[in-house]
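So the structure is just underneath, and the comments pick up after that.
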Amino acid sequence: MGKEAGFKVAEMSVEERFERGLLNLSGFWSFKIDPERRGEREKWFEQDLPANWDRIYVPSPWNEQDSAYTWYMGTAWYSRDFYAPADWRGRIVALCFEGVNYRAKVWVNNFYLGEHEGGFTPFSFRAENALRFGEDNRVFVMVDNTLTKKTIPPGEGMNRTYFDFFHYGGIHRETYLLSTPRLYIDDATLRTDIDGVNGVVDIDAQIVNETGSKQSCKLVLKIFDGNKVVAEEREALVSEASSSRTVSRRLIVKNAKLWCPENPHLYKLRVTVAYGENEGDSVETRFGIRTIKVENGRILLNGRPVFLKGFGRHEDFPILGKTLTGAILRKDFGLMRELGCNSFRTSHYPYSRMHLDLADEYGFLVILEMPTVGLWQGVEKLDDPEIIEKVRRMTREAVQRDKNRPSVIMYSLFNEPDSQKEEFRALFKEAAEEARKNDPTRPITFASCRHLEDKALDMVDVLCFNFYYGWYTLCGDLEAASRTLSDTLDKLHEKHPDKPIIVTEFGADAIAGVHRDPPEMWSEEYQAELIETYWRVIRSKKYVVGGHIWNFADFRVGQSPGRTTLNRKGVFTRTRNPKLSVKKVRELFTSTPTYC
Ligand code: ADA
């Protein structure tokens, strides 16, 4: 094989890998809001930057960087210059965005590259034909975060959102340029299994050839445990001109260290394809060897039944808005670990890559939720083709981004949709098809607040419910709340005895510093007592396999009579100061085993 492909196998040293070009575009950009939407009409993207444009930091939403922008919803323009390295000439160059809320249109050097809709999933555009290499270039991004009944999530204004968190706008995650050779690895998918003491790693590597001619290549798959190679596969292959082919291979890791909360062991896969005179591309992805299954009313991690104890969270912090920096994430994960937490849901949208990188490292069991919240209230038709198309695309983008993560054990396809309506089944069916098409290995669910009226519970692998007895109903009456919760859970279990149940939301607002004896709503004491009451019921039900407190920390919301500038159901304040509940939660979580 090697000879025929004419590739000098022996010459490629074991350590060799090909570095992709990367240019991070974080920093201060020129910025201008455009409430009358004049920019596109007047072709601002073709003009020199007028002096009166403001400066704004990327990545971070515009809202809390200046009070002039706090409540601004609409169109706004970003622009900056960047130097494109001369040695990128002839390569593939993509302009990548990790997250822009909500709709983005992009121009480079007056060339229109494309547009994307959706605030929480990554997208990229090919830019090499627009770039001037070895020179300065200019990018314009028009961002529009106008909410409508057909945006996902939907709404009608900053204070009329169909969801209960602040509607930030802007480029709130990393933006960068990525360059590869014209023969490159477009995707690498991993599925892991366990065979006795060994780990089974199935890899699909997608190789794209845009060199314009047939290439003899060398494909090298290596699995690293730290710096040590623990499994390897090398082979020669021919890549036809203008082709995209997927190579599927199985590697065995002997005496594998399984990924789990108590030992979140990570391996690294490196896929390298080399061709021509020392040309080539490499991609690396961390992964864990683990299995996740739903069987007999249990969620099995590596064959053992697990109990999820944790939180619904939000990406929210003063001034930074949705852009949780590494330091804040480190703080949060340290606090969650210290509390004995082993799980969280990415309520109500896919969180940043960095957020989930830490989940992989800390061994947290994550329910990855799509940005499909608020599909109730003013949404006329849930099975509207336009909504279905967007839900499918956002689900695909989210699953494609996080499919190789050990921490992601399940997909939540919706939060609190109008699932008491028959038409929701059609929408759920589409979203489930899309999720399973992109990743058949993980169970799917959605967070229901319709409980016994719900029409779609038979369609999920795991039942997830949000409950607020003792807060929105049975106010101040925790005994009644406890009874009602217990009865409702039993009735739901009766309807679906083979499906495990997770209580994905329960909690109470507590204004930090408000204390009442006896406990009453809005006080820290009431929050702590409600959490304990719920936990007692949850732990009394063998078929309940998890509980997530709403919420880890207070977070910003729109203006409404039911909210005091923040949703205060956090057990921590917005700046991560503990409320009384923290002590109680530590007691409850540390006395609840992960394996049940
Ligand atoms: C809902 C919703 C959350 C939050 C919560 C609350 O269940 O899913 O986003 O709004 O209620 O605090 O009322």
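Both ligands and their constituent atoms are indexed starting at 1 by order of listing. Positions are given from 1, in the same order as the sequence printed here.
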- request: Starting from the C-alpha separation in whole Å, work towards a yes-or-no answer on ring-ring contact (aromatic ring centres under 6.0 Å, His included) for F120 and H348.
  value: CA-CA 10 Å; F120 304 100; H348 299 297; over 10 Å; no

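Looking at F165 against ligand 1, nothing comes within 4.0 Å, counting heavy atoms. Under 4.0 angstrom from ligand 1, the non-hydrogen atoms of Y468 all belong to its side chain. The proximity of N551 to ligand 1, defined as any non-hydrogen pair under 4.0 Å, does not occur for either the backbone or the side chain. Within the 4.0 Å heavy-atom criterion, neither part of D509 lies near ligand 1.
Applying side chain to side chain donor-acceptor pair (under 3.5 Å) to Y411 and the options T445, D402, D439, N438 leaves one that passes, D439. In summary, of the residues considered (K429, R392, R393), a side chain to side chain donor-acceptor pair (under 3.5 Å) with E434 occurs for R392 alone.
Looking only at heavy atoms of the protein, atom 13 (O) of ligand 1 is closest to Y472 OH, 2.4 Å. Among protein heavy atoms, atom 9 (O) of ligand 1 sits closest to H348 NE2, 2.6 Å.
The residue from V557, N466, D164, N567 that puts a heavy atom closest to atom 10 (O) of ligand 1 is D164. Looking at E505, R563, R568, K569, it is E505 that brings a heavy atom closest to atom 3 (C) of ligand 1.
Inclusion of H314 in the set of residues having an N or O under 3.5 Å from an N or O of ligand 1 is not warranted.
If you take OG on S581 and CD1 on I531, they are separated by 4.0 Å, rounding to the nearest 0.5 Å. Here the CG atom belonging to L463 is positioned 10.0 Å from the NE2 atom belonging to H493, to the nearest 0.5 angstrom.
Residues W77 and D34 have side chains that bring a donor and an acceptor to within less than 3.5 angstrom of each other.
Judged by a 6.0 Å distance limit and a 45° cone about the ring axis, K322 is not positioned over the six-membered ring of F166.
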